[in-house]
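Below, each value reflects all heavy atoms present in this structure, side chains not excepted, and no hydrogens, waters or symmetry copies. Since we're looking at a predicted model, the values are computed, not measured.
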Amino acid sequence: MSKYIYLIFIIFFTACSTTTPNKEALKEVKKEIKEIENFTRKEYKDISKDAIFEAAKKLFLLADKKEFRIDSYRDYLEVSKTKMSHFFLYPVTHEDRWSLTIDEKDNTSFARLELIRITDFDEEKVEYLSKYNHELFWSRLDYLLGLNGEWLPCIV
């Protein structure tokens with residue numbers, strides 16, 4: 001009888017000693033997967049990255065100069081817009097960010113766009129904007145670059 005109790009005791013503690021995956025590591029992997037899924041890429045042949053950056057800046061200036069903050073760097077453009085909503089004794093802020101990165105190789109520019117929304121300045125809880133917003137941006141950018149003859153309207 002004592003052998004069986006000893007055997008059950010060993011099996012119980014052996015099962016408890018197996019490693020379980022780290023929850024923080026799983027969160028990081030899920031975050032990386034979301035980041036991979038929530039950006040779009042576009043390739044422009046025979047158009048310089050400077051022309052693309054100028055058209056992207058013009059796109060936001062045409063939308064509304066006063067609402068957007070534009071930070072421009074050599075290979076990177078970040079545009080942000082902050083909006084505040086007021087509910088009864090409860091303000092909510094939303095900051096939308098457009099991040100455009102361009103690499104140029106062999107007369108081809110490779111553009112990458114990521115659109116995120118941060119609510120109440122909480123950088124940990126990032127919401128990715130829909131693919132429609134990506135399509136709207138690329139369509140309007142193509143229009144300003146002369147590749148598309150139609151300005152796509154916003155559907156709200």
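- Of all heavy-atom pairs spanning Phe53 and Arg74, the tightest one is CE1-O, 3.4 Å.
- A pairwise comparison of heavy atoms in Ala51 and Leu145 identifies O-CD2, 3.8 Å as the closest pair.
- One distance of note links NZ of Lys49 with OG1 of Thr101; it measures 11.0 Å at 0.5 Å rounding.
- In summary, of the residues considered (Lys81, Lys83, Arg69), a salt bridge (charged side-chain N to carboxylate O under 4.0 Å, His left out) with Glu95 occurs for Arg69 alone.
- Taking the side chain as every heavy atom from C-beta outward, Lys45 and Glu43 approach each other to under 4.5 Å.
- To the nearest 0.5 Å, the span separating CG on Leu77 from CD1 on Ile52 amounts to 11.5 Å.
- In this structure the side chain of Val92 reaches within 4.5 angstrom of the side chain of Thr119, judged on heavy atoms.
- Ring-plane geometry between Tyr143 and Trp151 is classed as perpendicular, the angle between the planes exceeding 60 degrees on a 0 to 90 degree scale with a lower cut at 30.
- When all heavy atoms are compared, the tightest approach of Glu104 to Ser109 is CG-OG, 3.9 Å.
- Closest of all the heavy-atom pairs between Leu113 and Phe137 is CD2-CD2, 3.3 Å.
- Counting all heavy atoms, side chain and backbone alike, Phe110 lies closest to Lys105 at CE1-CB, 4.2 Å.
- The environment of Tyr90 atom OH is sparse: at most 12 non-hydrogen atoms of other residues, nucleotides or ligands sit within 6.0 angstrom.
- Tested against Phe68 for a side-chain contact (heavy atoms from CB on, under 4.5 Å), the candidates Val79, Asp96, Thr82, Leu59 yield a single pass: Val79.
- The distance from atom CD of Glu114 to atom OG1 of Thr40, rounded to the nearest 0.5 Å, is 9.5 Å.
- Between Tyr44 and Asp142, the side chains place a donor N or O and an acceptor N or O closer than 3.5 Å (distance only, hydrogens not considered).
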From CA spacing to verdict: side-chain contact (heavy atoms from CB on, under 4.5 Å), His134, Leu115: CA-CA 8 Å; His134 288 260; Leu115 302 175; 3.8 Å; yes

